[in-house]
Novice: 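Take this structure first; my questions come after.
Position 1 is the first residue of the sequence, and the numbers go up from there. The model shown is predicted, which means the values in this text are computed figures rather than measured ones. Counting starts at 1 for both ligands and their atoms, in listed order.
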Amino acid sequence: MYTGRTEKPCCLCGNPETAHRIDIPPRAVQLLKHSGPIAWRDIEGEASLHFCESDWGTVRELVLKTGMSPLSRCNAGRASFVLREDFEALLNDTRAEPDQRPLERKLRQEAEEIIERYEDGDQMVENRDLIEARIVTWALEDLGADEVAADD
Ligand SMILES: [Zn+2]
């Protein structure tokens, strides 16, 4: 049965009250804790991570002050995304493995643009956007700069 995206708790502590969300490319789900059983290639659209107010403070420190990605501390089981099978159930149809490349390209470009604006001294860049941009670019660097190959 198609259940859609359910609201997920804080991916760090499990608190159901979340205050912030970031979106990451499906490929970056591999970098999360306990991501082993997740068929990330079947994820449709981006994956989202939610954080409670208090853990968002930790994430901000980690990313903006320490220069480290929080992804390896985030529980993949608390990430929010839609799998291909859910769509198939909805549409009553078999779909091909989603092509994640255009989305990954878009997320990468947006992230690079935000970092560039920030480095140029643009005061309008939101902390939240900068944090997301850093996490996305680090993740893609970690995974190898190349986009997912079609026959990967
Ligand atoms: Zn939390």
Side-chain angles (χ1 to χ4, degrees), residues 1-90 97-98 100-145 147-148:
M1 196 186 83
Y2 180 74
T3 50
R5 280 158 84 104
T6 46
E7 276 311 303
K8 291 287 183 168
C10 172
C11 64
L12 287 170
C13 71
N15 185 339
E17 292 281 315
T18 59
H20 299 274
R21 188 194 95 196
I22 62 164
D23 293 334
I24 59 171
R27 205 153 62 99
V29 166
Q30 296 172 89
L31 301 173
L32 306 177
K33 197 162 69 177
H34 310 309
S35 63
I38 295 175
W40 62 268
R41 284 188 182 82
D42 281 338
I43 295 175
E44 303 261 8
E46 68 275 353
S48 303
L49 297 172
H50 299 267
F51 298 92
C52 68
E53 194 62 62
S54 130
D55 279 324
W56 183 249
T58 311
V59 168
R60 196 167 50 218
E61 290 274 306
L62 200 64
V63 172
L64 300 182
K65 300 232 166 76
T66 318
M68 276 177 63
S69 171
L71 290 188
S72 63
R73 304 177 187 198
C74 296
N75 188 334
R78 299 190 187 123
S80 166
F81 48 77
V82 174
L83 288 172
R84 172 168 56 143
E85 295 90 272
D86 297 332
F87 271 108
E88 286 175 351
L90 174 72
E97 194 166 87
Q100 298 171 341
R101 286 171 297 174
L103 172 71
E104 186 170 316
R105 207 175 299 135
K106 177 175 152 274
L107 291 177
R108 183 204 301 274
Q109 274 168 3
E110 284 172 0
E112 284 169 353
E113 203 181 292
I114 283 167
I115 291 170
E116 208 166 287
R117 277 173 53 204
Y118 172 76
E119 286 173 353
D120 284 347
D122 186 338
Q123 304 289 318
M124 300 299 284
V125 175
E126 302 270 353
N127 257 345
R128 182 237 158 248
D129 293 346
L130 182 62
I131 290 167
E132 181 181 68
R134 293 248 192 257
I135 293 173
V136 167
T137 48
W138 288 334
L140 294 176
E141 275 168 25
D142 270 12
L143 292 163
E147 294 156 2
V148 212

Novice: State, to 0.1 Å, how close Phe81 and Glu46 come at their nearest heavy-atom pair, and which atoms those are.
Specialist: CB-O, 4.3 Å
Novice: State, to the nearest 10 degrees, the angle whose vertex is the Zn ion (ligand 1) and whose arms point to SG of Cys52 and SG of Cys13.
Specialist: 110°
Novice: Specify whether an N/O/S atom of Cys11 falls short of 2.8 Å from the Zn ion (ligand 1).
Specialist: no
Novice: Salt bridge between Arg117 and Glu113, side-chain N to carboxylate O under 4.0 Å?
Specialist: no
Novice: Can you name the N, O or S atom of Asp55 that is closest to the Zn ion (ligand 1)?
Specialist: OD2
Novice: Checking Gln30 side chain against Arg27 main chain: does a donor-acceptor pair fall under 3.5 Å?
Specialist: yes
Novice: Identify which one of Thr18, Ile135, Leu32 satisfies the side-chain contact (heavy atoms from CB on, under 4.5 Å) criterion when paired with Leu49.
Specialist: Leu32
